[in-house]
Amino acid sequence: MAVIAVAVASVLVAVLVLFLAYGAADISSGVYLKALCRVKTEERRVWLTFDDGPSAGETEKVLDVLKAHGAKATFFCTGRNLEENPGIAARIAREGHGIGNHSWSHAPSFPLYGLRRMKEDVLRCSAALEKATGYGAAVFRPPFGVTNPTVARMTRDLEYNVIGWSIRTYDTVRNPDKVLGAVKSGLRPGAVILLHDRLPQCAGTLESVLALLEREGYSFDRSIVVPDHVERKYVTGI
């Protein structure tokens, strides 16, 4: 009986570990925090989001494509890139796009930070955003989409709305055709699409994605599904 009890306990522990790992790796799991991964709407509208910029030479091309299509998006920026490219950040805001906090440097070790260090990292990004645009971010996307109890506590204490995605295109490792296929297969009203504006191929990929959305009758104005008050912390409220 003792052997059976030990075996059962081992299985339960293994299941628990797998469940917690799943919760950390899948931002839509809801294990540690509630992230907005799809906007509740029956209308054919999607939310375009970009991570890791602003990137000199690449983000401008993405902005040009968005402008040509009359599309609005949200850019989840790192503080380091905001500090290096404040003019691009200002253009993002000036052209009616949203900007979210994506940590200071997107460090691989970010999920392992203690609460104090994590807060300092995120607030440093917010300060860089405020300096470049005049306002902070009310939305946060964790680096790599990884969540855990510390990330949950940090976002709660700093009053961030956490944003995930419903379509992860894996554009960092896939060719544009496969990225387009991922968008097409995951396309639903209220979908949140994840792309990376730092990639040299992003502008071209975006052209194809927007063409697909237009053919399918989807609009992509973030202000329709995500009001400014959800995205922005105005300076007086930070």
Side-chain angles (χ1 to χ4, degrees), residues 21-29 35-39 44-69 71-78 80-81 85 88 92 97-103 105-111 139-147 151 162-222 225-226:
Y22 157 72
D26 188 342
I27 196 169
S28 67
S29 69
L36 175 62
C37 296
R38 182 180 171 191
V39 178
R44 291 198 165 208
R45 295 170 176 164
V46 298
W47 186 8
L48 297 168
T49 67
F50 298 88
D51 279 10
D52 300 354
S55 175
E58 305 304 335
T59 302
E60 296 100 324
K61 296 175 186 176
V62 169
L63 290 169
D64 290 342
V65 173
L66 291 170
K67 188 174 183 178
H69 287 262
K72 303 299 181 184
T74 297
F75 291 77
F76 288 89
C77 300
T78 65
R80 179 170 291 168
N81 285 338
N85 303 292
I88 302 176
I92 291 172
H97 305 288
I99 302 181
N101 192 316
H102 199 40
S103 81
S105 63
H106 204 286
S109 57
F110 180 87
V139 290
F140 175 78
R141 177 173 280 163
F144 315 104
V146 173
T147 64
V151 173
V162 181
I163 309 299
W165 52 77
S166 61
I167 301 178
R168 187 172 193 173
T169 62
Y170 291 98
D171 56 334
T172 56
V173 294
R174 287 175 171 170
N175 64 47
D177 288 340
K178 289 189 175 181
V179 170
L180 191 64
V183 173
K184 189 171 184 178
S185 64
L187 195 55
R188 304 286 187 281
V192 181
I193 301 172
L194 168 61
L195 296 165
H196 292 80
D197 54 305
R198 64 178 170 79
L199 300 175
Q201 69 270 26
C202 186
T205 300
L206 178 61
E207 281 276 13
S208 299
V209 169
L210 292 176
L212 168 66
L213 294 174
E214 289 168 344
R215 287 196 304 271
E216 297 293 330
Y218 279 83
S219 62
F220 24 74
D221 182 349
R222 71 168 183 87
V225 292
V226 189

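Scored by the side-chain hydrogen bond (donor to acceptor under 3.5 Å, both in side chains) test, Q201 finds no partners at all (sequence neighbours excluded). Among residues two or more places apart in sequence or in another chain, the side-chain hydrogen bond (donor to acceptor under 3.5 Å, both in side chains) test is passed with E216 by none. Checked against side-chain hydrogen bond (donor to acceptor under 3.5 Å, both in side chains), N175 has no partners two or more places apart in sequence or in another chain. Not counting sequence neighbours, the partners of D51 by the salt bridge (charged side-chain N to carboxylate O under 4.0 Å, His left out) test are R141. Remark: R38 engages no residue in a salt bridge (charged side-chain N to carboxylate O under 4.0 Å, His left out) (not counting sequence neighbours). Residues meeting the ring pair (Phe, Tyr, Trp, His ring centres under 6.0 Å) test with F110, sequence neighbours left out: Y113. The side-chain hydrogen bond (donor to acceptor under 3.5 Å, both in side chains) search around T59 returns D197, not counting sequence neighbours. For H196, there are no ring pair (Phe, Tyr, Trp, His ring centres under 6.0 Å) partners at least two apart in sequence or on another chain. Under the side chain to side chain contact (heavy atoms under 4.5 Å, CB included) criterion, P176 pairs with T205, not counting sequence neighbours.
A donor-acceptor pair under 3.5 Å is formed between the side chain of H97 and the backbone N or O of A73.
Of the inter-residue distances, the one linking L199 atom CG with L206 atom CG reads 12.0 Å to the nearest 0.5 angstrom. With rounding to the nearest 0.5 angstrom, the CZ atom of R168 is 11.0 Å from the SG atom of C37. A distance of 9.5 Å separates CG in L66 from CD in E207, rounded to the nearest 0.5 Å.
Contact detail for G164 and I27: the closest heavy-atom pair is CA-CD1, 3.8 Å. Minimum heavy-atom separation, A71 to L210: CB-CD2, 4.3 Å. Closest of all the heavy-atom pairs between N101 and S103 is OD1-N, 2.8 Å. The two residues A203 and V65 come nearest to each other via the heavy atoms O-CG2, 3.9 Å. Listed here is the closest heavy atom pair of G57 and E60: N-OE1, 2.7 Å. Taking both residues in full, the closest heavy atoms of C202 and V62 are given as SG-CG2, 3.8 Å, listed atom of the first, atom of the second, then distance.
At a threshold of 4.5 Å between non-hydrogen side-chain atoms, the residues W165 and T49 do not count as touching. Counting heavy atoms from C-beta on, the side chains of F220 and E214 come closer than 4.5 Å. Counting heavy atoms from C-beta outward, D171 and F50 have side chains that stay 4.5 Å or more apart. In this structure the side chain of P200 reaches within 4.5 angstrom of the side chain of E58, judged on heavy atoms.
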Next on the checklist: Under the criterion side chain to side chain contact (heavy atoms under 4.5 Å, CB included), I'd like the reasoning laid out for V139 against F76: C-alpha separation, chi angles, the key distance, then a yes or no.
Outcome noted: CA-CA 8 Å; V139 290; F76 288 89; 3.9 Å; yes
Next on the checklist: side chain to side chain contact (heavy atoms under 4.5 Å, CB included), that's the test. Do C77 and H102 meet it? Break it down for me.
Outcome noted: CA-CA 5 Å; C77 300; H102 199 40; 5.7 Å; no
Next on the checklist: Could you go through L213 and L48, starting from their C-alpha distance and side-chain angles, then the distance that decides it, and tell me whether this counts as side chain to side chain contact (heavy atoms under 4.5 Å, CB included)?
Outcome noted: CA-CA 11 Å; L213 294 174; L48 297 168; 4.2 Å; yes
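Checking D52, N81, T78 one by one against R198, the side-chain hydrogen bond (donor to acceptor under 3.5 Å, both in side chains) holds for a single residue, D52.
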Which atom pairs, one a donor and one an acceptor, fall under 3.5 Å between side chains of residues 177-193 and the rest of the protein, sequence neighbours left out?
residue	atom	partner	partner atom	Å
S185	OG	G181	O	3.2
S185	OG	A182	O	3.1
R188	NH1	S185	O	3.3

